[in-house]
Amino acid sequence: MASRRKVAAAGKRGPPSALLSPASSEDEAPEELSFGAAKEAAQTERKLVGEAARRHRELLKEKRRRRQELFAEQKVRPPPLESRRPRRGQPPPRSLPSPRRSGSCSPRPCCRSWPPRRPGEGAGPGERCLPPGVRPLGTLARGGFGLGASKGNYTAVRLKDQSVIGLHQQLAKDFLNIQLYGPAANRAQANDFFSLENKKNPVKKAAVQFVDKSWGKYKKSK
Amino acid sequence: MGEFEVHRVRFFGLVPAGVRCLACPPRGSRLALARTDGAVEVWNCAANYFQEKVIPGHEARSVEALCWAVGERLFGAGLSGEITEYDLGRLRASCSLDGGGGPIWSMAANSSGTQLAIGCEDGSVKLFQVVPGGIQFERNLDRRKGRILCLSWHPSDTHIAAGSIDAFRVLDVSSGQTVQRIMVNYQVQKVKRECVVWSIAFLSCGTVVTSDSFGRVQFWDWERGTLLESHTVSTSAVLSLAVSEKEDSIVVGTSTGATYQFQLLPVKMGSLEKRWVRTKPFQHHTHDVRAVAHSSTALISGGLDAQLVIRPLMEKIQKKSYDAALRKFTFPHRRLVSCARKARLLLFQFSQHLELWRLGSTDETGKDGEVLPLCRMPEHLLQLKSKGPEHIYCSCVSPCGGWVAYSTASRFHLYRVQYEGDSISIKKVPKVPKLLSPAYQLQFSSDSSSLFVASARGSVHVLQLLEPGGCRHLHTLRPPSGCPEAVYLLAPSADGHWLAAVGGDWVIHIYNLKCFKHHCMVPTYDCAVSAVAIHPVTNNLVIAYSDQQLFEFSIPKKQYTAWSRTVQNCGLHKLWLERDSPITHIAFNPKNPSHILLHDTYMFCVLDKSLPLPDDSAPLMNQSTLKQLPESMRQRQLHAFKICKKFQPLLFADLLDENCLVMVERPIMDIKTQLPLPVQQKKFGT
């Protein structure tokens, strides 16, 4: 009896019941089911579905909350060269945004350190640290209007503070570096390159850098 | 003969700068070379490839292109956006003009050398006129987007081919318009990379040759805009290209250090149709070959491994001789080390700083070939950084070790060094006499009381050193008939009586220091002088020329010595004349007046004038065989040249005292591990 129920429950995916149990005909009466058993079955099913739906809802809520916090953080993050006065009502400045622990959405102050560099970002061409107290021209545009600031691909600086010649020269040198030593250049470390020669020579020699020089550095730092 | 305790020094951390540009004049035998640190050198191909002139670099100067113009004038241009003329007589940058287009990537002179075209960062090609005293802007040619990385004039000076990124253009010089634009980046790769045209050449038949970052050398018909031939020579970029004057041979240099020759050969024997064929591959360099040149008899390449390689072409050599040998130059042909013998100090000259070291010492003795343990290690006493962006021209330490002097392009610096036990203190000498031109060579007198400063126009300044720390200008010695070139070698005598000065015109003048008068001139020899020294006892001037000839001139008698005449009559041994590098330092042993100590990059020699000279049939390097013979048998085989090749590559060798030598070596591998990264080479089985 249980096997037939399973087959019936397989539904559309399984082969039609007529094929599986050719003995059962449509003249037969449906099976006897007790009311209690059916009620239990229906309840468990509802519970399962309910739980799945709740989990799904929780997941969506979590995602939505995270995105909201991200936007809020971007909005609140001040432009890098503002004056050092902390904003009103904000906790005192911290050096870097701390990793999120609680689930609150309140904006946090970040990146008040000097020189103002965001973690993982180097100076782009033409970016220069201005002395404290000097406002760059583009300060108003950033953060003030609540626009989601980009990840920091640009910085507004005064051209008077740096020479255009130096900027052009740096761009040219960067182009040359990327072409010759960039990702497509297929360069080898000196150690690997020359060790290969040593090993392939008729008179075989040891690898060029036999000792790892970084050992000494570690000891010194200790 | 002699047993010496050898101080084997390997702590001179010299890393020569890589070769960035080469310029071969169409007629003439002087090769101009520019390095990555901005130094410009002139090599004389006729004088056995001697490094004749060196203009030290500058922090702000980067030379991306070098060319010879009319009147043997040398021009360079770089990423600073300026075109600089180099004064080869005064060894400095004489004038510079801003190009007005941002960083300059390329420069080429027309066939007569009267016009210069520059390719700029902003995509414009500008023309300049070479006028007496400098250059003058003429006009702009058509400007398009894309930096111009390479330029070439058509031999008739009517058109210019300019290579950029993904394309190259042909411009008509008279109208200034772009008459053809050809794309080189027809994609054959899966990855969409931009194709950088690194170098270009315009042949008189209307073919444009380009080399690009995909490792291809391509031949184009510029009028029709079609590709005639394409050769893939390498998987990495082909960075440089040079065409011979007859336009039948091309040499290209790649990022992997390989150079290839292409030749225009007939398709079949006797047929008129010709094709470009890749003929000879060479692997002389380990790092990128950024500069190549094609002279009438040789392929010249310079790499970022600081080597200059000259490969003579066999078909151009009449007979088999040393002219056909491969020449490789890594180290400069001048001394970068000075030695204070009594104080056992060494001064190392780098491009922007000096290092003063004290040699170690040992208490033990041993047998031939043994390594003795040190009881005191060599000490790094001082590091003197030169202020400012200019690189150092020359430096010297006095024999007592108490004075250190060096010169940059604009200033001359003198320091007083004091030793109190183990500690050292240094004080700059204020108010040094202002010299109009940089000091090209500095030499202290043997009693450390005067300093000789080699200057422009053949003149030498004599400065008197005063205790406790001052100096004043005593006299300026000048050659009687004037000299347009600067003095580059100085040799004072040990008794302080004589001074020999060699100018860029290769004439050696000898001055009497007691009365500050010109004494005499050594008879001229048509080759560059590579080293001079005056014997402490006999006051004979020993001269080594860059073609490996040796002369000895007696100063009191004003004529060549008898030994020198014998040497010239017999001739020097063939192997001695076929050495690769010139002699850069000569020293003497006061206890053995007949000994002369010489060295070049690959050997150290003690020349014994009392012994017979070897003829060509005798082996020149016979020290090892002599050691194995018993004493009685040696007499027959002894000859004057005692050569030791154990210490290589040698930058400096000198005699400290009676039986103590110092040898400063610089192993090539130590340099190569500090150079920029080389291209990965996949080798079978690894």
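Rounding to the nearest 0.5 Å gives a distance of 8.5 Å between NE2 of A:His168 and CG of B:Asp122. With values rounded to the nearest 0.5 angstrom, A:Asn186 atom CG is found 11.0 Å from B:Leu677 atom CG.
Contact of B:Leu304 with chain A is made through the side chain alone, with heavy-atom distances under 4.5 Å. With a 4.5 Å cut-off on non-hydrogen atoms, B:Leu675 does not touch chain A at all. In this structure, chain A has heavy atoms under 4.5 Å from both the backbone and the side chain of B:Val679. Heavy atoms of B:Thr286 lying under 4.5 Å from chain A belong to its backbone as well as its side chain.
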Problem set entry | CA sep, side-chain torsions, deciding dist, call: A:Leu176, B:Trp105, side chain to side chain contact (heavy atoms under 4.5 Å, CB included) | CA-CA 10 Å; A:Leu176 205 56; B:Trp105 288 96; 3.6 Å; yes
For this session: Walk me through it: do A:Leu180 and B:Arg290 pass the test side chain to side chain contact (heavy atoms under 4.5 Å, CB included)?
Result: CA-CA 11 Å; A:Leu180 288 180; B:Arg290 290 207 73 187; 4.0 Å; yes
Exercise. Could you go step by step and tell me if A:Phe175 and B:Glu121 meet the side chain to side chain contact (heavy atoms under 4.5 Å, CB included) rule?
Worked result: CA-CA 11 Å; A:Phe175 164 76; B:Glu121 170 87 356; over 6 Å; no
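Under the 3.5 Å distance criterion, with hydrogens and angles disregarded, a donor-acceptor pair is assigned to the side chains of B:Ser255 and A:Arg187.
Closest of all the heavy-atom pairs between A:Gln169 and B:Leu79 is CG-O, 3.2 Å.
Within 6.0 Å of CE in B:Met377 there are 12 or fewer heavy atoms belonging to other residues, nucleotides or ligands. Around the CD atom of A:Glu51, the shell of radius 6.0 Å holds more than 12 heavy atoms that belong to other residues, nucleotides or ligands. In the displayed structure, A:Gln189 atom CD is contacted under 6.0 Å by at most 12 heavy atoms of other residues, nucleotides or ligands.
Along residues 11-21 of chain B, no residue comes nearer than 4.5 angstrom to chain A, judged on non-hydrogen atoms.
Judged as a side chain to side chain contact (heavy atoms under 4.5 Å, CB included), and not counting sequence neighbours, the contacts of B:Glu665 are B:Arg8, B:Arg10, B:Phe647, B:Leu650.
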